[in-house]
Number of protein chains: 2
Amino acid sequence: MDLFLSTFEHRIDKKGRLSVPAPFRSVLERRRDPLYLFKSLTEPCLEGCGPERIGQIVDAIDAMDSLSAEVATLHTMLSSAQEMKLDAEGRIMLNADFIAFAELDDAALYAGIGRSFQIWLPDRYRSREAEARARAKTTGLPSLRLGRTHQPPAENGGS
Amino acid sequence: MDLFLSTFEHRIDKKGRLSVPAPFRSVLERRRDPLYLFKSLTEPCLEGCGPERIGQIVDAIDAMDSLSAEVATLHTMLSSAQEMKLDAEGRIMLNADFIAFAELDDAALYAGIGRSFQIWLPDRYRSREAEARARAKTTGLPSLRLGRTHQPPAENGGS
DNA sequence: TGGGATATTATGGGATATCATGGGAACTTA
DNA sequence: TAAGTTCCCATGATATCCCATAATATCCCA
């Protein structure tokens, strides 16, 4: 399974173009997947994914009560989603809405998180990362102590 | 699967003409589908789709108790539906009924929601989107974990 | 194992095509 | 005939294509 991993910081040029990191591109090319971006529902960043995720949302909507608030939430995801076309150099063009939402200016940081990746304002990402590590030290310790049964973050032995 | 995604804001000119976003047009052209518009049942907006969606509604009606109130509701969708002809530049003309129903004046916002799209008064759409995002932050994501393990709001499985 | 040759990558800029939009003129229809 | 609509063309903005370049990574062969 090939995954989106590591972080990359790239410049956004005057025309609004942004290179997709070569390792991410080769993951997509290997699967012949187009790239979709959408605005995160929970954080000030963009999310990148393949078509499977988009198809899931579409199918979930069709299966749901169209009057529910959940459908409205899913509509929001779809109406912010966009298939990104890469130019010959592997760049995408971010529209004004995307740039404003993630508050980007002249640079963007890609953070690979496995099956998907995020695009952040670089400084904001770094401070969030620092916060996350600090949080892990305080709130992570107690949960490690009582851990024995069904724990999501429990894999190979313990580390 | 080509879908209607993303949002586009276009002007309605003095003659009442409105451009259909080029990406939406190319979805329809690829399928050689005409475009249908009808008044939404649930919101003050117009819905746009191809003929297969209209067919689904017709089939749903045929499968229901023809005396039920739901059938009467679905009839409303069909009777407001209209095949839109595009001019050479890819524009449609909205009739007065459509404009009044969605309360449009000199601009319209297209919101792609997968197999169909909506047309909104731009400001109204944006406030609804803000509400939906606020709701998503507190309530969380609708259940999208079809079969898989629960994941953060993006993933990218192989296809 | 070096170290030059080659390929890849990120980035920039000019030229070209596409798109949204506007307006005039011909046409339809009531 | 008058109002509205359709056809056609013009235009500015913007996205896309194509090429250039510098920096880095990879390859290759002695």
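The structure displayed is predicted, hence computed values, not measured ones. Heavy atoms only: backbone and side chains are in, while hydrogens, waters and symmetry mates are out. Chain A is the first sequence line, chain B the second, and so forth, proteins listed ahead of strands; every chain is numbered from 1.
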Taking only nitrogen or oxygen atoms into account, show me every contact under 3.5 Å that the protein makes with nucleotides 18-24 of chain D, one pair per line with its distance.
residue : atom : partner : partner atom : Å
D/dC19  : N4   : A/Glu89 : OE2          : 2.7

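- A ring-centre distance under 6.0 Å is found for B/Phe24 and B/Phe4.
- Residues B/Phe117 and A/Ser79 fail the side-chain proximity criterion, which asks for heavy atoms closer than 4.5 Å.
- Between B/Arg17 and B/Glu89, the closest side-chain pair of non-hydrogen atoms is not below 4.5 Å.
- Atom NE2 of B/His10 and atom P of D/dA13 are 16 Å apart (whole Å).
- Residues A/Phe38 and B/Leu5 form no side-chain contact, since every pair of their non-hydrogen atoms from C-beta on lies 4.5 Å or further apart.
- Distance CG (A/Asn95) to C1' (C/dC19): 15 Å, rounded to an integer number of Å.
- Formation of a donor-acceptor pair under 3.5 Å by the A/Ser80 side chain with backbone atoms of A/Lys39 is found in this model.
- Between the side chains of B/Tyr125 and B/Thr7, no donor N or O sits under 3.5 Å from an acceptor N or O.
- For the pair A/Tyr110 and A/Val20, the minimum side-chain heavy-atom distance is below 4.5 Å.
- Distance A/Glu9 CD to C/dT9 C1': 16 Å, rounded to the nearest Å.
- The 5' end of DNA chain C is approached more closely, in terms of each residue's nearest nucleotide, by A/Val20 than by the other of A/Val20 and A/Lys15.
- If you measure from atom CZ of B/Phe24 to atom C1' of C/dA20, you get 15 Å, rounded to the nearest angstrom.
- Computed from coordinates, the A/Phe8 CZ to C/dA10 P distance equals 8 Å when rounded to whole Å.
- With distances taken from any side-chain atom of B/Lys14 to the nucleotides C/dA10, C/dG23, C/dC19, the minimum falls on C/dG23.
- With rounding to whole Å, B/Arg11 atom CZ is found 9 Å from C/dT21 atom C1'.
- A/Leu18 has its CG atom 11 Å from the P atom of C/dG12, to the nearest Å.
- When the C1' atom of C/dT21 is taken as reference, atom CD1 of B/Ile92 falls 15 Å away, rounded to whole Å.
- Annotation: side chain of B/Leu37 is in contact with side chain of B/Ile92 (closest heavy-atom distance under 4.5 Å).
- Between A/Leu104 and A/Leu18 there is no side-chain heavy-atom pair separated by less than 4.5 Å.
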Subject >> Secondary-structure notation, DNA chain D, from Watson-Crick and G-U pairs under 3.5 angstrom (| other strand) >> reply: ||||||||||||||||||||||||||||||

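- Within 4.0 Å of A/Lys85, counting heavy atoms only, lie sugar-phosphate atoms of the nucleic acid but no base atom.
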